Number of protein chains: 2
Amino acid sequence: MSPMLLPNSVRDMSLFFGLTEKDRDDLLVEGSLRHYMRGQILFRHGEAVAQFYIVVVGLVQLYRENVDGSEKTIDLFRVGQTLCESEIMDACRHHRASAKAIDEVTVLVFSAAWLKNTAKKHIAFALNLLSLISKQAHLAEVEAEHQATLSAAQMVACFLQRICVLYDFDHRSFDLPYSKTLIASRLGIELETFSRALVKLKAQGVSVEGSHVRVSDLKRITQYVCSFCSVVNACSTHQELVNMSEDTASIKKVR
Amino acid sequence: MSPMLLPNSVRDMSLFFGLTEKDRDDLLVEGSLRHYMRGQILFRHGEAVAQFYIVVVGLVQLYRENVDGSEKTIDLFRVGQTLCESEIMDACRHHRASAKAIDEVTVLVFSAAWLKNTAKKHIAFALNLLSLISKQAHLAEVEAEHQATLSAAQMVACFLQRICVLYDFDHRSFDLPYSKTLIASRLGIELETFSRALVKLKAQGVSVEGSHVRVSDLKRITQYVCSFCSVVNACSTHQELVNMSEDTASIKKVR
DNA sequence: CGACACTTTGAAGACGATCAACGCCGGTGG
DNA sequence: CCACCGGCGTTGATCGTCTTCAAAGTGTCG
């Protein structure tokens, strides 16, 4: 697989910071591209953990099937995001959830051994991986906290903010990048609750028509969710995080 | 600080697996012991992240103060557990939560630079740290999922199981290691809800009188919470996890 | 014994889940 | 071209669960 063909969002991934271009490309060469049609399964809960994935095109859904057959979306991964790194580093032998393609998806696949060996071989890679997984751990903690403390409408508002940062959208006007059904599942709420939450957000200056979102008062919506939340959302990349953290104290004061 | 004085639960921490005893002790020497009285603050939300902590004695509460003054417990750390590793590796400059002593607490304190440098110097340490943080990320994910999908009674049952593994208690009869108020806060539910959840669990063969817990039917309570949950709870140490994962498939079938 | 922290219990209310009905839209097939 | 269908989203009604407020019970420690 020639690294030249990969989109910039993959070649510039934070995972490869601090490596020479040559080292990075030598590593990327060891991956192989794999395509999935809409709805196809990448891996299933319970199967052996054998591979590390980097999303190159499309959207991948990580989800769990409950005993009753319903699905709960754990997370959604877009271009430049990775799957299974924590399962591999955690020495977890079996997948803890299933993954499927939402769109037409292309992923770059590496063996689990590749990930471990690369971490051993390149200390910079190991530290980047640490940073990446730390960030995930933190996001998951915040998520757990939100589930416990925020109302549905607040979680939706928080999600909209996160979307803007992740996709680099204009915070005042943008289109939802995927269906409301999927968003509701991602947030752990029912579609009906999501729909009603959008109605409530109108009072906070957020209007959603179809898939188009317009936010009339950025400050109001930021205060509506906890201000801490907005810091988290803004810290999507390493560099942004470094910059943002300068301002954390002042944001705290503002609230 | 002489490593000889540290309890085994610290000297045998998974973080130092694969290092020689000498390397480990040389590293431990660089830490300094610090004592806190009941209720004293280790660090506050918003302060600069400067240190890495290993709990040597007592229980440390990580919590967030909401705008309205109420506290939400994010996690509780006992002997042999660590604080701030993910904040340090994540290059997060300011604490994302506050920490205080529940008991009388002793911690071993290292500079943030110590943690980063040790990871750079000893690849085994870096990999152990990766494993540790991966595990945390996973637990946090499961936690978020539980908050979204389980009832209060199920979360309490799940928590009791986790307690047993973490403290190596007899699963059939043990004492709660801390107050019900603290447990409720940890689970993100109100004390009243917690109390009522215990009443409901009587029907599942779990009786709690004062702080003493008796479980009459282990299988019933395991099935009451999702079976996936019990696998997670059991995977408290690296080695246990490696052993457990052998059985994951079979446990899945059982449910 | 009284003060105080911790816990339990009761009653009322808020919120989200669930079930049901309907509207909208794009595609398919007659 | 129209009828039908299925996927998606909205809205209404009802129900169960958790929170909130209030009161009372339990225990410990001075």
Side-chain angles (χ1 to χ4, degrees), chain A residues 38-39 61 66-73 100 102-103 144-160 175-204 206-213 224-225, chain B residues 38-39 59 61 66 68-73 102-103 144-159 175-204 206-213 224-225:
Chain A
R38 197 170 189 281
Q61 176 195 29
N66 293 328
V67 191
D68 60 13
S70 67
E71 288 180 4
K72 201 263 165 184
T73 301
K100 88 163 101 151
I102 292 288
D103 295 317
E145 188 180 337
H146 282 181
Q147 291 285 357
T149 58
L150 299 189
S151 72
Q154 284 176 309
M155 289 205 305
V156 170
C158 187
F159 176 82
L160 292 179
D175 283 330
L176 296 174
Y178 28 83
S179 77
K180 294 182 178 179
T181 304
L182 194 52
I183 296 173
S185 167
R186 171 61 240 278
L187 293 176
I189 60 180
E190 296 303 312
L191 177 59
E192 295 94 324
T193 306
F194 179 78
S195 184
R196 282 184 252 262
L198 291 181
V199 175
K200 281 187 198 162
L201 286 183
K202 283 230 168 67
Q204 304 296 328
V206 178
S207 81
V208 180
E209 277 156 30
S211 69
H212 191 74
V213 181
Y224 181 66
V225 299
Chain B
R38 196 170 189 280
L59 190 70
Q61 176 194 29
N66 293 328
D68 60 14
S70 67
E71 288 182 3
K72 201 264 166 184
T73 301
I102 292 289
D103 296 316
E145 190 181 337
H146 282 181
Q147 291 284 355
T149 58
L150 300 189
S151 71
Q154 284 176 310
M155 289 205 305
V156 170
C158 186
F159 176 82
D175 284 330
L176 297 174
Y178 28 83
S179 77
K180 294 182 179 180
T181 304
L182 194 52
I183 296 174
S185 166
R186 171 63 239 278
L187 293 176
I189 60 180
E190 296 303 312
L191 175 60
E192 295 92 326
T193 307
F194 179 77
S195 183
R196 285 183 250 262
L198 291 181
V199 175
K200 281 187 197 162
L201 286 183
K202 283 229 167 67
Q204 305 296 326
V206 178
S207 81
V208 180
E209 277 155 28
S211 71
H212 191 72
V213 181
Y224 181 66
V225 299

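Only heavy atoms go into these numbers, but all of them, side chains included; no hydrogens, no water, no symmetry mates. As the structure is a computational prediction, the values presented were derived from the model and not from experiment. Each chain gets a letter, A, B and so on, in the order the sequences are listed, and its residues count up from 1.
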- Item | Val225(A) versus Cys158(A), closest heavy-atom pair with distance | CG1-N, 3.5 Å

- Mind calculating the distance between CD1 (Ile183(A)) and C1' (dG9(D)) to the nearest angstrom? 12 Å

- Message: Please check this pair: side chain of Lys180(B) against backbone of Gly210(B), looking for a donor-acceptor N/O pair closer than 3.5 Å.
- Response: yes

- In whole angstroms, the gap separating P of dC25(C) from NZ of Lys180(A) amounts to 13 Å

- Heavy-atom nearest pair, Val156(B) first then Ala197(B), reads CG2-CB, 3.9 Å

- Ignoring hydrogens and angles, does a donor from either the side chain of Glu190(B) or the base of dC21(D) sit under 3.5 Å from an acceptor on the other? no

- For atom CD of Gln154(B) and atom P of dT17(D), their distance in whole Å: 11 Å

- Taking every non-hydrogen atom, the tightest pair across Tyr224(B) and Leu201(B): CE2-CD2, 3.5 Å

- Item | 5'-most by nearest nucleotide on DNA chain D - Ala148(A) or Gly210(A) | Gly210(A)

- Query: How long is the line joining CG of Leu182(A) and C1' of dC8(D), in whole Å?
  - Reply: 13 Å

- Message: I want to confirm an ordering. Mapping Ala153(A) and Glu192(B) to their closest nucleotides on DNA chain C, which one lands closer to the 5' end?
- Response: Glu192(B)

- Rounded to whole Å, the CD-C1' distance (Glu209(B) to dG25(D)) equals 16 Å

- Message: Nearest heavy atom decides the nucleotide; on that basis, is Ser179(A) or Ile189(B) closer to the 5' end of DNA chain D?
- Response: Ser179(A)

- Query: His212(B) NE2 to dG27(D) C1': how many Å, rounded?
  - Reply: 18 Å

- Task: Verify the contact: side-chain N or O of Thr181(B) to OP1 or OP2 of dT7(C), cut-off strictly under 4.0 Å; return yes or no.
- Result: yes

- OP1, OP2 of dC18(D) versus side-chain N and O of Thr193(B): anything below 4.0 Å? no

- Assess whether one donor atom and one acceptor atom, taken from the side chain of Arg196(A) and the base of dG12(D), lie less than 3.5 Å apart. yes

- Message: What is the separation between atom CG on Leu201(B) and atom P on dT17(D), rounded to the nearest whole Å?
- Response: 14 Å

- Message: Which residues pass the salt bridge (Lys or Arg N to Asp or Glu O under 4.0 Å) test with Arg186(B), not counting sequence neighbours?
- Response: Asp75(B), Glu143(B)

- Item | Below 4.0 Å: OP1/OP2 of dC18(D) and any side-chain N or O of Lys200(B) | yes

- Message: Quick check on dC15(C): is either OP1 or OP2 less than 4.0 Å from any side-chain nitrogen or oxygen of Ser151(A)?
- Response: no

- Task: Using atom CG of Leu150(A) as one end and atom P of dG16(C) as the other, report the distance to the nearest whole Å.
- Result: 11 Å

